[in-house]
Each structure stands twice: as structure tokens, then as C-alpha cells.
Amino acid sequence: MSALPTPSRRSLLLGGGAVLAFTLAACGGSADEPGESDGGTATGDDGASTGDGGSGSDGGGASDGGGAAAGRDIDRSVPYLELAGASSGKMVDLLLDFRCPPCRGFMETFRTLLRDLVESEELVLRIHPRPMLDLGRDSTYSQDTAGAAAAVYAQDPALLLDFEEAMYAAQPESPDEPEADIEEIARIAQGVGGDETCLQQIRDRVYVPWTLEVVEPAAQELEVGTPTLIIDGEIWEGDWTQPGAVENVLRS
């Protein structure tokens, strides 16, 4: 088991704590490697694998053919989307999958708390949008929604939690209920303020390769499922369903 990448600036560090092996009561672990199943590759609208996964960049920087527009992009060298990077408070990593029902429950319970702490710069929140639940099943829903979150973030980080809320509200209620396709995901992004560049990046699956090649491998090295909460580099061992448990650890 290994820690997440540790770039040079503080706002990208996990912190000095040892990473403990613990998974919150949640969606399953990460046994499959990206690319081992039909859901582990970036796909086109017809479900066929594309050569460039919607044309990603070479690890960061502008990309060709529908990638970053006018310099718009994310840092593809790290497996998360960071909010409130100027904060000197706790470093909180949150690993989520938009198809994971427990993740939806977690965010419905703690979204307001996390938003308030981010806005008051009491913590740095780093959201890891995983494609985990696509691996081993015939779907691209998790990777498409994770890639869409990155496109929304690339436009404006302030929109990320709004998109997360809207995307979980649209999560299928049962395994038999149809999942949103890429156009529906784009419409959800548009509903929270996504512009035409953002929507085109979603349709082109610009950030899907990042979710498969950066986000998911880093999570699999930690051997955790979703949701997973990591505080100052240490995987939290508490039970988020217990009243007050998350509030106490984040505010202490």
C-alpha cells in the first residue's frame, strides 16, 4: 500500500501521517486494474474503445483536438480536484464514485458541512472522482461522470460541488434503472452553469483518460473503496453514519 503522489507545494501534500488500511462502509474495493474489463477503457458514444480516449493531454497542459480550450485544463499529474488550496487547515481527501449509493448518502449528509468549511477556508478539500464501478461491468457511467466533474472544475472550481450535488440527485435509484448517457450528463453540467467549452469537453470525454490512468490507479494503491475520507494523510477509521463523528473530526 502506498500514499498518494506528493508534489512540492503544501496544497498538494497528503501530510505526514501513515496511511492506514481502512474502507468506510461503502461500495466495494479496487481489485481490478483499469483496462482489465470492458469498462476500464475510454469509449466513444457507441461504446467502442477510442484510441485517445477523447483526446487527453500528455499529463497536463493543453491538448489537441477538443482538449483544453484557450489554456483551460486541470492538473492531470494529480488524482484529485482541489478546493480552497489557500487554506492552512486540515487536508481532506474524499474518494467518490458518482455511481456509488453510499457516496450519495455521504454527500447528502455532509455536503453543507464540507461546503461551509471550504468557503471559510478551514480545510483544503480534494475530491477524487473515481471510475471504480465501471471496472468489471459493461458501463462507462462512472468514468463519464468523473470526467464531467473535471470539465466543470476546469471551467470554474466553484461549480464542482454544485455539479456533484446535481449528479448525485440524478443517480439511478436501482441497478435496473437506466443510467444517464453522455448527453444527459452534459445537460446536468449545463444546469449548474457549464458553458459550451465545458459541455464539449464532456461529450468528447476529454478527462476520461485522467480518471482511468491517474485517479483510479492512485486509489487502487491505497486499497480502498468509496466513499473514503483521508484526513491529513491518514485514512479515517471512524463510522460516518454515527451522528457527529465526521463533524467532530473535521472541526477538531
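Since this is a predicted model, take the numbers as computed values, not measurements.
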Quick check against the 3.5 Å criterion: does Trp210 have a side-chain atom that pairs as donor or acceptor with the backbone of Val78?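 Between the backbone of Val78 and the side chain of Trp210 there is a qualifying donor-acceptor contact (under 3.5 Å).
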Is a donor on one side and an acceptor on the other found under 3.5 Å between the side chain of Asp134 and the backbone of Ser142?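 It does hold such a pair.
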For Arg72, is there an ion pair with Asp195 - N to carboxylate O distance below 4.0 angstrom?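 Result for this pair is yes, salt bridge flagged.
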Using a strict threshold of under 4.0 Å (side-chain N to carboxylate O), is an ion pair present between Lys90 and Glu122?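 Lys90 and Glu122: not salt-bridged.
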Looking just at side-chain N and O atoms, do [X] and [Y] make a donor-acceptor pair shorter than 3.5 Å?
X: Tyr168; Y: Arg104; value: no
X: Ser252; Y: Asn248; value: no
X: Asp176; Y: Ser174; value: no

Output, in order, the C-alpha distance, side-chain angles, deciding distance and verdict of side chain to side chain contact (heavy atoms under 4.5 Å, CB included) for Glu221 and Glu216. CA-CA 9 Å; Glu221 287 186 11; Glu216 188 59 22; over 6 Å; no
Where do Ile230 and Leu94 land on the side chain to side chain contact (heavy atoms under 4.5 Å, CB included) test, with the steps shown first? CA-CA 6 Å; Ile230 304 174; Leu94 182 57; over 6 Å; no
Among Gln143, Glu179, Gln171, the one residue meeting side-chain hydrogen bond (donor to acceptor under 3.5 Å, both in side chains) with Arg99: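 That would be Glu179.
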Flag the pair [X] / [Y] as yes when at least one side-chain heavy-atom distance between them is below 4.5 Å, and no otherwise.
X: Arg130; Y: Val224; result: yes
X: Cys27; Y: Asp97; result: no
X: Val246; Y: Leu250; result: yes
X: Tyr141; Y: Pro172; result: yes
X: Val92; Y: Val124; result: no
X: Thr112; Y: Met107; result: no

Fit a plane to each ring of His128 and Tyr80, take the angle between them on a 0 to 90° scale, and name the class: parallel (under 30°), tilted (30 to 60°) or perpendicular (over 60°).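 The rings of His128 and Tyr80 sit tilted, inter-plane angle from 30° to 60°.
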Please step through side chain to side chain contact (heavy atoms under 4.5 Å, CB included) for the pair Leu117 and Arg115, ending with a clear verdict. CA-CA 6 Å; Leu117 293 175; Arg115 189 188 292 272; over 6 Å; no
Can Arg111 and Glu164 be said to form a salt bridge (charged side-chain N to carboxylate O under 4.0 Å, His left out), step by step? CA-CA 9 Å; Arg111 181 182 297 115; Glu164 166 271 318; 2.7 Å; yes
Once rounded to the nearest 0.5 Å, what's the spacing between atom OG1 of Thr226 and atom CE of Met132?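 The CE atom of Met132 is 3.5 Å from OG1 of Thr226, to the nearest 0.5 Å.
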What distance separates Met167 CE from Cys103 SG, expressed to the nearest 0.5 Å?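 Output value for this atom pair is 13.5 Å.
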Hey, mind stepping through Leu160 and Ile127 against side chain to side chain contact (heavy atoms under 4.5 Å, CB included) and telling me if it holds? CA-CA 9 Å; Leu160 178 60; Ile127 293 179; 4.0 Å; yes
